[in-house]
Amino acid sequence: MDYIKRAFLYLRRRIGKSLLLILVTTTSLIVILTGLSIQNALLKSSENNKKPLGNTVILSSRHHQLTQKALLSGFASTGFWSYPAADSGQAAVSRKIAKRLAQLNNVVSYQIHSQTQVRAASFRLPPLKANSKQSVEATIPLSSNQITIFGLSTNLDDPNFQARKYAIIKGRGIYNSDLGSHNVVIEKSLALADNIDIGHIIRVRNSQSRVSSLKVVGIYTAKGANGHLFRALEDPSRTIFASYSLASNLAGNAGVVTQAAYTLANRKQERAFMERANQLIPASLQLTSNDQLYLAVTTWIQDLSRTALRLIWSAVIAGSLILFIILAIVARKRQKEVCLLMALGEKKGKIAGQFFIETGLVLLISLILTGAFGSFFSGLIGTQVIAHPAFFSTPLDINSLIILVVLGIIMVSVATGLSLFIVLRSKFDRIAF
Amino acid sequence: MTLTVQKLTQYADHSKKYLYKNVSLKFDNARFYAITGQRELMLFLAGLKSPTSGTVNFNGKNIQKIGLNKYRNEKISLLFSDGNLIDYMTPVENIMSALSITNSKHAGSKRYAMDLLSQVGVENSFLKRVVADLSLEQRQLIALVRALAVDAPIILADNPTEKLDTAAAQRLLTAFAAAAHEWKKTVIISTDSEELASRADVRIKFQDHHFVTEKLSSPQSTK
């Protein structure tokens, strides 16, 4: 029976101590996993949103202030960039100007957005979802049969459709060719609530009590609302996608939209674009570059990232310390065993090998347990750190898993090494005789 | 095989006074020795401690030159007063561990370990229990079997009967004598009991800073 078999035998026969070691190691690994998940999610969110944010310039009314606070609030609640909603009363961007800016050099694409609230005139609505109701009330109060008409150029550019959080399940989406039409795309639960299908005509009443007929050309399903470039979409069942021209019409002014966003080909040319565009817009409008907001959010990400890093190292240090204490207590009781092995002529290296194999097996089992249940528990811990589970939907990449394993090895090795130091430096002749 | 002690001098701890000076002893093969009154000598014989001066030689070679770890691994088998077994293992696992560590020719042979235990009279019902669950006498007996199992020619036992009652101590000493006379091992034990020491072939008594050797029986006789 060599030292490897002895290690297996010890773990099996001292099952209570082994389970305690596995519990401590697994707990530490889960906390480390939490830290890594937070870092990973922050990194992914940051990368996912860097492009549209970094290259985008927003044209909006001066009344519609894009504050850092509002942006951060949107990011924290959804994990995606989302601009605060502009209410219809402040929708004062001329469509002409918005289109003129789109003709400037360096603009690769643009989205025009217009939004308004209407009421259902010919169909039933599904009940408001509890959580969405709360958030809707926090932004724009909706009554029980109020609907948001979300007008855009095309929902092909919509982040929720791009991220496949929203998907067309029947018919088609809104395209540029729908400009001027009454074509709309509704959500599945709205369709189910009153058996509405493709080709059906639904009627809505705007704030001036004018009734308009809308043609359903598509039905989409929402797997989870993330947010939108312009505003966080609330209850999807109360959101109807349409061309921005329809939204403006329903709002009562066909020539005015809420906002326009221009994606620039080259970020270095942003200043030149801003200078030229500012010459074309009246004083009532403003252009907002994302640089300052991006910097603010980046700082916020860095702060959180530092917190995550502290969490990781705290877990490594605390885990090592607790493991060391347990191993040291156990090791003191095992001094006699070590003495006996040395009296039999066992090499110190093999005795150390036995201890390392024991803790290595504990680490292996703990890593398997962490792999099996870690995401659930790290989600629970993580939501206490960054109050949103969206951060933990990102699976760990291979680099994070390697880091987890390496940190586990460091933790276990430090604890085992220190406890071995205590055992092997003891004068075993005094213990033996 | 001979184990000799040459010109051994040892001072008392923290003192310039010596305990003994220029002691020379010789331990022959297949004999049973009992040392009384001086347990520290066992540490020197086991290579666990170095004396102030003098040497311990195995077949004429200083054990320091052989290498203390190698000496303990190949030449001697140690028994402690409370049965030095690995307590989470069964008797057979303990013996197989020792066979593996000492690179015995019987390493890996479970049958060999079980046969030895059977020969010494360890009941089969004990074999599946971990040694922590066995009595001290049973543990000492298994430790002795382990010492017999390995290829080392010398068995060193530090006060093996210390925690046993008289009857159990007598039975264990009979087993030690058999180890010397039937298994041809050199058995050296330390004990505080003069009476138990008298069961050995040779009694080495420490008194007045001297070791007095007393032959009690001729070789090859098991009492």
Side-chain angles (χ1 to χ4, degrees), chain A residues 1-22 326-327 329-359 361-362 419-420 423-433, chain B residues 39-44 46-50 67-90 92-104 107-110 113 130-133 143 146-147 149-152 156-159 162 190:
Chain A
M1 179 166 298
D2 59 14
Y3 67 102
I4 299 170
K5 285 184 183 169
R6 284 203 307 268
F8 278 93
L9 198 65
Y10 179 82
L11 286 181
R12 216 174 69 212
R13 297 274 164 80
R14 294 279 184 265
I15 190 72
K17 284 172 191 164
S18 305
L19 288 176
L20 181 65
L21 289 173
I22 289 168
I326 296 170
L327 287 174
I329 292 168
V330 173
R332 282 207 168 274
K333 289 183 180 174
R334 292 183 76 182
Q335 274 179 332
K336 201 113 190 168
E337 176 192 343
V338 172
C339 289
L340 164 66
L341 292 170
M342 289 174 80
L344 283 167
E346 184 69 301
K347 291 181 179 73
K348 282 187 177 180
K350 286 189 176 177
I351 295 172
Q354 181 186 338
F355 276 62
F356 274 107
I357 288 169
E358 285 168 14
T359 47
L361 285 168
V362 165
S419 63
L420 261 173
V423 177
L424 293 178
R425 81 186 177 91
S426 58
K427 292 189 173 177
F428 68 97
D429 56 304
R430 289 191 184 169
I431 298 164
F433 280 80
Chain B
R39 288 174 70 180
E40 196 178 28
L41 180 62
M42 295 295 283
L43 292 175
F44 302 143
L48 290 170
K49 194 174 179 183
S50 296
L68 294 178
N69 209 48
K70 189 178 180 195
Y71 169 71
R72 283 194 296 270
N73 187 261
E74 296 174 3
K75 313 300 182 194
I76 63 168
S77 190
L78 283 169
L79 275 81
F80 307 138
S81 56
D82 58 353
N84 52 331
L85 297 166
I86 300 176
D87 60 1
Y88 57 84
M89 290 183 181
T90 63
V92 174
E93 287 164 350
N94 263 285
I95 292 166
M96 290 185 70
S97 278
L99 292 173
S100 169
I101 291 168
T102 58
N103 296 314
S104 164
S109 172
K110 192 175 180 182
V130 293
V131 294
D133 297 339
R146 187 185 58 193
V150 298
D151 303 335
L156 289 171
D158 177 57
N159 219 347
E162 184 183 22
S190 68

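Numbered from 1 within each chain, the chains take letters A, B, ... in sequence-line order.
- Between Asp87(B) and Arg14(A) there is a salt bridge, since a side-chain N of the basic residue sits under 4.0 Å from a carboxylate O of the acidic one.
- Rounded to the nearest 0.5 Å, atoms OG (Ser97(B)) and CG (Leu341(A)) are 7.5 Å apart.
- Expressed to the nearest 0.5 Å, how far CD of Glu346(A) lies from CG of Asn69(B) amounts to 8.5 Å.
- If you take CZ on Arg13(A) and CE on Met89(B), they are separated by 8.5 Å, rounding to the nearest 0.5 Å.
- Neither the backbone nor the side chain of Lys350(A) comes within contact range of chain B; no heavy atoms are under 4.5 Å apart.
- For a residue to count as touching a neighbouring chain, one of its non-hydrogen atoms must lie under 4.5 Å from one of that chain's; by this rule Val150(B) does not touch chain A.
- In this structure, the portions of Thr90(B) lying under 4.5 Å from any heavy atom of chain A include both its backbone and its side chain.
- The two residues Glu93(B) and Leu9(A) come nearest to each other via the heavy atoms OE1-CD2, 3.4 Å.
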Checking side chain to side chain contact (heavy atoms under 4.5 Å, CB included) for the pair Tyr88(B)/Glu337(A): CA distance, chi angles, key distance, verdict?
CA-CA 10 Å; Tyr88(B) 57 84; Glu337(A) 176 192 343; 2.7 Å; yes
Between Met342(A) and Asn73(B), does a side chain to side chain contact (heavy atoms under 4.5 Å, CB included) hold up when you go through it step by step?
CA-CA 9 Å; Met342(A) 289 174 80; Asn73(B) 187 261; over 6 Å; no
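- Here the straight-line distance linking atom CG of Leu99(B) with atom CG of Asp2(A) works out to 12.5 Å at 0.5 Å rounding.
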